[in-house]
Amino acid sequence: MNRITGHHLILEQLNRQVQQDAISHAYLFSGIAGIGKKKMALDFAKTILCQGQDPPCGQCPACKQIDRGIYPDLQVISSETSIKIAQVREMISSLAVKPLSGEKRIIIIDDAATMTVEAQNSLLKSLEEPFSYNLFILLTQTPEVLLPTIRSRCQIYHFKPLKPLEVAAILQKETSFSETEISEVLAPAKGSVEKAMYLLNHADILEERVAILRELYLLLKGDLQKIFTLSERLSSDKSKSQEMLDFLILWFYEVSLCKKGFALPDGEEAGKVHEAFVKILKDEKIEAINRTLFEMMERMKYNINLNLQWEKTFIQIIKIQKG
Ligand SMILES: [Zn+2]
């Protein structure tokens, strides 16, 4: 059975390094969320640490302990918000000691870009003077946020979004959603299993997106009442607000691609709704609208009155459209 879905080339290259005993001491896996970077890192770790004949055998004590998350020489550092200096220091203090059970200690840092600069600097020292038995795998969606000095010490692998069929295969294997349900989220998930799962578990979001677009279209046509109905609708809670804002930014980006005659990302087909927006928007207006949405995104980082800020955003958008 295939251990990893997609990313065949990367899997092959990493396996070859293990076979040829040519592994590096630091790796950076970059790519959007939910496409298997961490899975690949764990599989790579298992391949290196496995004590069986055909690594990763899945049967030996090392493989089994890794699966249960209790292998002593495999550390996974992560944080919901940001990886603090204390976490990195604690990890570093363990590095000078030889691995307990094997020849290698593997440290996976997930999502490395959330490390504070202080934490990154502290990690850098370990990357500069590596002990032969320590191996780092950094995972990130935004490699550009990492210090260049860290990036330059890593072998970098860029993970592309999965193909719709690959996402479907994973969801069919790991969830109980029907084929039809799964097929409906493949396009908006844009190659991310995480995003697809989110959409499957929030079926109302797709309907809500269509409804929001309908209202926004009417607003752009001059129905000013929509400023208030849209703002109210979007500000019911912050995570929904954030979700919809991300969606709208992507939406206008797609509309601008259609306008210029380019294909949509991931080979998606432009729909009737795209075309409707293309008809009523001029090129430079799409750009200005997206700038306005990005400003809203900046403001969302703070504790703001969502309703008021959305109103401000829509008033600005209508000004752009009329001006
Ligand atoms: Zn094994």
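If you're wondering where the values come from, they're calculated on a predicted model, not measured in any experiment. When reading the values below, keep in mind they use all heavy atoms of this one structure, side chains included, and skip hydrogens, waters and symmetry mates. For this chain, numbers begin at 1 and follow the sequence in order. Just so you know, ligand 1 is whichever comes first in the structure, and atom 1 is the first atom listed for that ligand.
- By the 6.0 Å contact criterion, CG on Leu206 is enclosed, its count of non-hydrogen atoms from other residues, nucleotides or ligands being greater than 12.
- Residue Leu49 comes nearest to Lys104 through the heavy atom pair CD2-O, 3.5 Å, listed as atom of the first residue, atom of the second, then distance.
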Worked check of salt bridge (charged side-chain N to carboxylate O under 4.0 Å, His left out) between Lys190 and Glu254 | CA-CA 13 Å; Lys190 302 202 180 297; Glu254 288 187 358; 2.8 Å; yes
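- The Zn ion (ligand 1) has Cys50 SG, Cys57 SG, Cys60 SG, Cys63 SG as protein N, O or S atoms under 2.8 Å away.
- Note on Lys240 versus Glu208: salt bridge recorded, some NZ/NE/NH1/NH2 to OD/OE distance being below 4.0 Å.
- When all heavy atoms of Ala45 and Leu74 are compared, the closest pair comes out as CB-CD1, 3.9 Å.
- You'll find the ring centres of Tyr217 and Phe277 inside the 6.0 Å limit.
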